[in-house]
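Below is one structure; the comments refer to it alone.
Each chain gets a letter, A, B and so on, in the order its sequence line appears, and its residues count up from 1.
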There are 2 protein chains.
Amino acid sequence: MSEPGLACCTPLSGTAMSAEQAEQVAPLLKALADPVRLRLVSLIASSASGEACVCDLNDAFDLTQATISHHLKVLHSAGLLDRDKRGVWVYYAVRPEALRAVATLFTTAVPA
Amino acid sequence: MSEPGLACCTPLSGTAMSAEQAEQVAPLLKALADPVRLRLVSLIASSASGEACVCDLNDAFDLTQATISHHLKVLHSAGLLDRDKRGVWVYYAVRPEALRAVATLFTTAVPA
DNA sequence: ACCATGCATCGACAACCGTCGATGTCTTCT
DNA sequence: AGAAGACATCGACGGTTGTCGATGCATGGT
């Protein structure tokens, strides 16, 4: 599972984006396009320390530990989360560059 | 196929988003999380008139007309595109509010 | 009235996705 | 060494998705 290339991108408007750019950004959006994963990123991003332990994240959902682990893997594989194992616990943190890559897609896209 | 509620949303950071908010925004991202659909929105948004005819969009891709029509339907159903039939042709235009809803998700989310 | 054209819909198919229970691996504590 | 806990992985399942060819449905021109 190699680090995917954190696509930087032209905004949606202006000049149309190339097929290659679309292929690069789509996986990021796909990783975020799930309610559970959105909440995961949100939870991690909004935590005081900027990171969150899997055990805490598990408690926030009515899902199996296996499922949460799967979603975290998807987000990590997409390059949206950093993973840090400390002792028995694993901490995930958001990668600001990744979120920024997605942000630039939309910020300039909207007229007002 | 009813008009889905153009979810407005708290940014990803700050306080964590609720499950309901996640359920509302996820479909928007899911609709955009495809290379073809990203390019479609991009093409439409970047066109001078702010709208594009299906016939033109068809030519921009190496896909069947049925497939393009399907993708446009997905984007329209998600509330991202407006549809306007004029004579034999159908014109699609982006709905800025929808894009803005997604934009607010990320703009405030990124520190710097 | 007929035909050509632009677009939507249908049915089918393979590929993928979200979820689960079970199991594996690694760490720490006793 | 052994047991307990935290997290990842595996295999399986039903549901969804992207794509296609074929067909249907309007509209406009002849």
Side-chain angles (χ1 to χ4, degrees), chain A residues 1-4 19 22-41 43-44 47 51-78 80-93, chain B residues 1-4 19 22-23 25-41 43-44 47 49 51-78 80-93:
Chain A
M1 207 166 304
S2 67
E3 199 78 359
E23 299 278 354
Q24 281 188 317
V25 188
L28 284 181
L29 292 175
K30 194 164 267 182
L32 287 170
D34 178 279
V36 175
R37 290 198 288 267
L38 264 183
R39 287 181 61 202
L40 280 171
V41 172
L43 277 173
I44 297 172
S47 84
E51 59 182 8
C53 172
V54 177
C55 55
D56 292 334
L57 297 172
N58 271 328
D59 297 347
F61 296 87
D62 218 20
L63 294 170
T64 311
Q65 175 260 325
T67 300
I68 298 297
S69 190
H70 163 68
H71 284 305
L72 288 170
K73 180 180 179 176
V74 171
L75 289 168
H76 176 62
S77 302
L80 285 160
L81 293 185
D82 265 336
R83 186 178 180 280
D84 182 28
K85 176 160 184 172
R86 292 206 287 274
V88 192
W89 296 281
V90 173
Y91 291 81
Y92 283 94
Chain B
M1 203 165 309
S2 67
E3 198 78 359
E23 299 279 354
V25 186
L28 285 181
L29 291 175
K30 194 165 267 183
L32 287 170
D34 179 279
V36 176
R37 290 199 288 269
L38 263 183
R39 287 181 61 201
L40 279 171
V41 172
L43 277 173
I44 298 172
S47 85
S49 54
E51 58 182 10
C53 173
V54 177
C55 54
D56 292 334
L57 297 173
N58 270 329
D59 297 346
F61 296 86
D62 217 20
L63 294 171
T64 312
Q65 175 260 325
T67 300
I68 298 296
S69 190
H70 162 69
H71 284 306
L72 288 170
K73 180 180 180 176
V74 171
L75 288 168
H76 176 63
S77 302
L80 285 160
L81 293 184
D82 265 336
R83 187 178 179 279
D84 182 27
K85 175 160 186 173
R86 291 205 287 273
V88 193
W89 296 280
V90 173
Y91 292 82
Y92 283 94

Can you tell me if the side-chain N/O atoms of A:Arg83 get under 4.0 Å from OP1 or OP2 in D:dA8? yes
Phosphate contact (C:dG6 OP1 or OP2) by B:Tyr92 side-chain N/O below 4.0 Å: no
Nearest-Å distance, [atom1] ([X]) to [atom2] ([N])?
X       : N      : atom1 : atom2 : result
A:Trp89 : C:dT28 : CH2   : C1'   : 9 Å
B:Arg39 : D:dG18 : CZ    : P     : 16 Å
A:Leu29 : D:dT17 : CG    : C1'   : 16 Å

If the condition is side-chain contact (heavy atoms from CB on, under 4.5 Å), which residues does B:Ala22 pass it with, not counting sequence neighbours? A:Pro35, A:Leu38, A:Arg39, B:Met17
Closest contact, heavy atoms only, B:Ala52 versus B:Leu57: CB-CD2, 4.0 Å
Closest non-hydrogen atoms of A:His71 and A:Arg37, given as atom of the first, atom of the second and distance, are ND1-NH1, 3.0 Å
Considering only heavy atoms from C-beta outward, does the side chain of A:Leu32 approach that of A:Leu28 to under 4.5 Å? no
Heavy-atom check, side chain of B:Leu40 versus side chain of B:Asp34, under 4.5 Å: no
Scoring nucleotides 12-25 of chain C by protein non-hydrogen atoms under 4.0 Å (B base, S sugar-phosphate only, - none) yields ------SBBBB---
Could you tell me whether A:Asp59 atom CG has more than 12 heavy atoms of other residues or ligands within 6.0 Å of it? yes
Closest nucleotide of DNA chain C for A:Lys85 versus for B:Val54: which of these residues is on the 5' side? B:Val54
Side chain of A:Val88 (C-beta onward), nearest among D:dA6, C:dC7, D:dC7: D:dA6
